[in-house]
Amino acid sequence: MTTTESPATLEFDHHAQHTSHNRDEVLALVREHPVFWTESYGGHWVVTSHELAKRVLRDYSVFSSRKTEDMKGGNTIPTVVGPRLIPAEADPPYHRILRKILIPKFHKRAVDALAPELETFISGVIDEAVTKDHFDVVHDIADRIPAGSMTMYLGFPEEQRVPFIRSVQAALNVMPYASDPEFAQSEAMQKGLAEFGNAVQVINDLIAARRSEPQDDLVSHLVNPDFELDDESVRWMTFTLLVGGAENPAAMIGNSLLHLAQDTALRSRLAADHSLIPQACEELLRQTSSAVSLARNVLCDVEVGGVTMHAGDRVLVWLPGANRDHRAFERPEEVDIDRSSCPHIAFGDGPHVCIGAGLFRLWFEIMLREILVKMPNYTVDLDRAERFDDASTMWGWRTMPARVS
């Protein structure tokens, strides 16, 4: 660790329960440190400013996303032992090839064409929650909308969607701990791996079915012979799209609905004028985003914010810091839908920016409109809600009991 200036070294652990449960306190700790060093996980840099975060995320020639076959690098610190999530954990030019294949299915025209089907599906989800009166924001709304929409769009048969998502969630619960020798031998890990195997088999079966008989879905698009993608590439692209398109959006929905349950003035304003929902979506993404961190591997010596990072160093972009950077946003701690601009990076930035951002915005607008019409006075029982203890990659809730009125 060589520096052009003397860098701050902070006690910062993005996996810690304290970081998840006390975000405002941690934001205050890092606020005046655009880049700092932490000794956690063998030592790595942390970037928290909006300007520097965008620089790191845009310059793939210096800051690599690639996870190697020997399980180094990638989007997480420490590196998750498991499949490479593509295109997220790939660099150009391979990344560019994969993204070019996906773009037609996530272009605005393609997303807009889904609107009628999504209107029907999301309206039905909200109707079911209303009939319960007592419901859970996470399980009855947030988990169902993105996961149901993505499995439908990918092409999974309806009867497979719920059990498939449960298998994926069970696998994701243990994958971050796969590098821990003690946990790796535990019963919980073995169960998680078994569920992971189940999920992979379901994906493999879908790939085989679509190669044999293509339909109008995303997996059929990926297996198009013109793209020359092998089964392994299609498998992990499908897995990545499901994880990125279901899990993080679900957490974001929960965070947003909690904020609106507490900010009744904003909720009333949105209920009175649905045209403000898109503005609210952007500001809530900035303030309550579930996306937390993106790691990069430094490929060559480079100066960033007055410190010298060396080839082989790891750097973590901590998105909450960037999205609440007082150098980029006035009153960053406030949710203000009247901001003249809201250049948040909740979807990342640069070549790896989330390809499904437009789809999320469509989900959010339909969902919030339905909620504001059908349960405008919903309440959340925060005393019974449970937050994720490890919010290293996703900040959200395990459960959030609520009531329609």
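Quantities reported herein were computed from a predicted structural model and do not represent experimental measurements.
For the pair Arg296 and Trp45, the NZ or CZ position fails the cation-pi test of under 6.0 Å to the six-membered ring centre and within 45 degrees of the ring normal. Cation-pi geometry between Arg55 and Phe63 is not met at under 6.0 angstrom from the ring centre and within 45 degrees of the axis.
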Using the rule given for side-chain contact (heavy atoms from CB on, under 4.5 Å), can you reason through Arg58 versus Asp349, listing the C-alpha separation, both sets of side-chain angles and the distance that settles it, and then say yes or no? CA-CA 6 Å; Arg58 290 179 178 184; Asp349 199 56; 2.4 Å; yes

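Here salt bridge (Lys or Arg N to Asp or Glu O under 4.0 Å) pairs that include residues 244-265, with residues two or more places apart or in two chains, number zero. The salt bridge (Lys or Arg N to Asp or Glu O under 4.0 Å) pairs that include a residue from residues 88-102 are Lys67-Glu89, where partners are two or more places apart or lie in different chains. Counting only residues at least two apart or in different chains, salt bridge (Lys or Arg N to Asp or Glu O under 4.0 Å) contacts with residues 134-151 comprise Glu128-Arg144, Lys132-Asp140.
Distance check, rounded to the nearest 0.5 Å: CG of Asp325 to CZ of Arg286 gives 10.5 Å.
Closest non-hydrogen pair, Lys105 versus Tyr153, comes out as O-OH, 2.5 Å. Taking every heavy atom of both residues into account, Asp133 and Ser405 meet most closely at OD1-N, 4.1 Å. When all heavy atoms of Ser256 and Thr288 are compared, the pair lying nearest together is OG-OG1, 3.6 Å. When all heavy atoms of Ile345 and Ala322 are compared, the pair lying nearest together is CD1-CB, 3.6 Å. Taking every heavy atom of both residues into account, Gly245 and Pro146 meet most closely at O-CB, 3.5 Å.
A donor atom on one side chain and an acceptor atom on the other are not found under 3.5 Å apart for Asp389 and Ser20. A donor atom on one side chain and an acceptor atom on the other are found under 3.5 Å apart for Asn204 and Arg235. Between the side chains of Thr399 and Glu386, no donor N or O sits under 3.5 Å from an acceptor N or O.
The salt bridge (Lys or Arg N to Asp or Glu O under 4.0 Å) with Arg210 is formed by just one residue from the set Asp216, Asp205, Asp217, Asp231; it is Asp217.
Leu284 places a side-chain heavy atom less than 4.5 Å from the side chain of Phe364. The side-chain heavy atoms of Leu118 and Leu359, taken from C-beta on, include a pair separated by under 4.5 Å.
A salt bridge links Glu282 with Arg361: at least one charged nitrogen is closer than 4.0 Å to a carboxylate oxygen. Using a 4.0 Å cut-off between charged nitrogen and carboxylate oxygen, Asp381 and Arg403 do not count as a salt-bridge pair. A salt bridge links Arg369 with Glu119: the distance from a Lys NZ or Arg NE/NH1/NH2 to an Asp or Glu carboxylate oxygen falls below 4.0 Å.
Between Phe156 and Phe164, the ring planes lie parallel to each other; the angle is under 30°, not in the 30° to 60° tilted range.
For His14 and Tyr41, the ring centers are positioned less than 6.0 Å apart. His50 has its ring centre less than 6.0 Å from the ring centre of Phe329.
Between the side chain of Arg324 and the main chain of Asp24, no donor-acceptor pair closer than 3.5 Å is present.
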